[in-house]
Amino acid sequence: MRTYAQVTKNRTTEAHEEMGIPEYWIADYAALGARKFIGNPKQPTIFVCELVDGEYQMTPFQGNAAISSSIFSQLNLTAQQIFDAAN
């Protein structure tokens, strides 16, 4: 059985794909995602979701890994810097 959050996420992703949104980000600051996505032990993660051939490719960034974005090519941030700024 899928949760409301899973259904909502799938619908949102499908809507973004249909609209052709080239990139969006997900900030899992509470490390609530599945271990297969955010690792074990779970860590806060930024996902950059890039539209490639009509489907999103999700790239996770954690800790001091530099975030890579095709839209913001000059961006010089790490996942940790984003999470620190939110505190």
Side-chain angles (χ1 to χ4, degrees):
M1 173 174 247
R2 297 186 326 169
T3 66
Y4 175 78
Q6 289 169 322
V7 170
T8 301
K9 178 187 160 289
N10 288 341
R11 287 183 182 157
T12 301
T13 299
E14 289 170 4
H16 286 138
E17 287 172 350
E18 289 174 11
M19 290 185 281
I21 296 172
E23 182 178 288
Y24 70 95
W25 294 22
I26 299 171
D28 184 1
Y29 61 90
L32 297 176
R35 283 185 173 86
K36 70 179 181 179
F37 295 116
I38 64 173
N40 188 13
K42 291 185 172 186
Q43 298 180 50
T45 305
I46 301 285
F47 292 95
V48 175
C49 306
E50 184 178 8
L51 191 61
V52 177
D53 297 327
E55 293 186 11
Y56 285 104
Q57 304 297 315
M58 293 178 59
T59 305
F61 297 92
Q62 298 174 329
N64 291 318
I67 295 172
S68 175
S69 165
S70 61
I71 301 296
F72 302 106
S73 59
Q74 300 299 313
L75 185 69
N76 188 17
L77 275 177
T78 68
Q80 192 60 51
Q81 287 173 309
I82 292 174
F83 296 127
D84 288 347
N87 290 328

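The two residues P60 and T45 have their closest heavy-atom pair at CB-CG2, 3.7 Å.
Judged as a ring pair (Phe, Tyr, Trp, His ring centres under 6.0 Å), and not counting sequence neighbours, F47 has no contacts. Considering only residues two or more places apart in sequence or on other chains, S69 meets the side-chain hydrogen bond (donor to acceptor under 3.5 Å, both in side chains) condition with E23. Listed by chain and residue number, nothing satisfies the side-chain hydrogen bond (donor to acceptor under 3.5 Å, both in side chains) test with N76 (two or more places apart in sequence, or in another chain). With sequence neighbours excluded, no residue forms a side chain to side chain contact (heavy atoms under 4.5 Å, CB included) with A86. Not counting sequence neighbours, D53 has no partner by the side chain to side chain contact (heavy atoms under 4.5 Å, CB included) test.
Hydrophobic clustering (side-chain heavy atoms under 4.5 Å, transitive across Ile, Leu, Val, Met, Phe, Trp, Tyr) groups Y24 together with M19.
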Which side-chain N or O atoms in residues 31-41 pair as donor and acceptor under 3.5 Å with protein atoms at least two apart or in another chain?
from : atom 1 : to  : atom 2 : distance (Å)
R35  : NE     : N40 : OD1    : 3.2

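Taking CD of Q43 as the start and CD of Q80 as the end, the distance is 9.0 Å to the nearest 0.5 Å.
I67 belongs to a hydrophobic cluster with W25, Y29, I46, V48, F61, I71, F72, L75, L77, I82, F83, counting contacts under 4.5 Å between side-chain heavy atoms of Ile, Leu, Val, Met, Phe, Trp and Tyr, direct or through other members.
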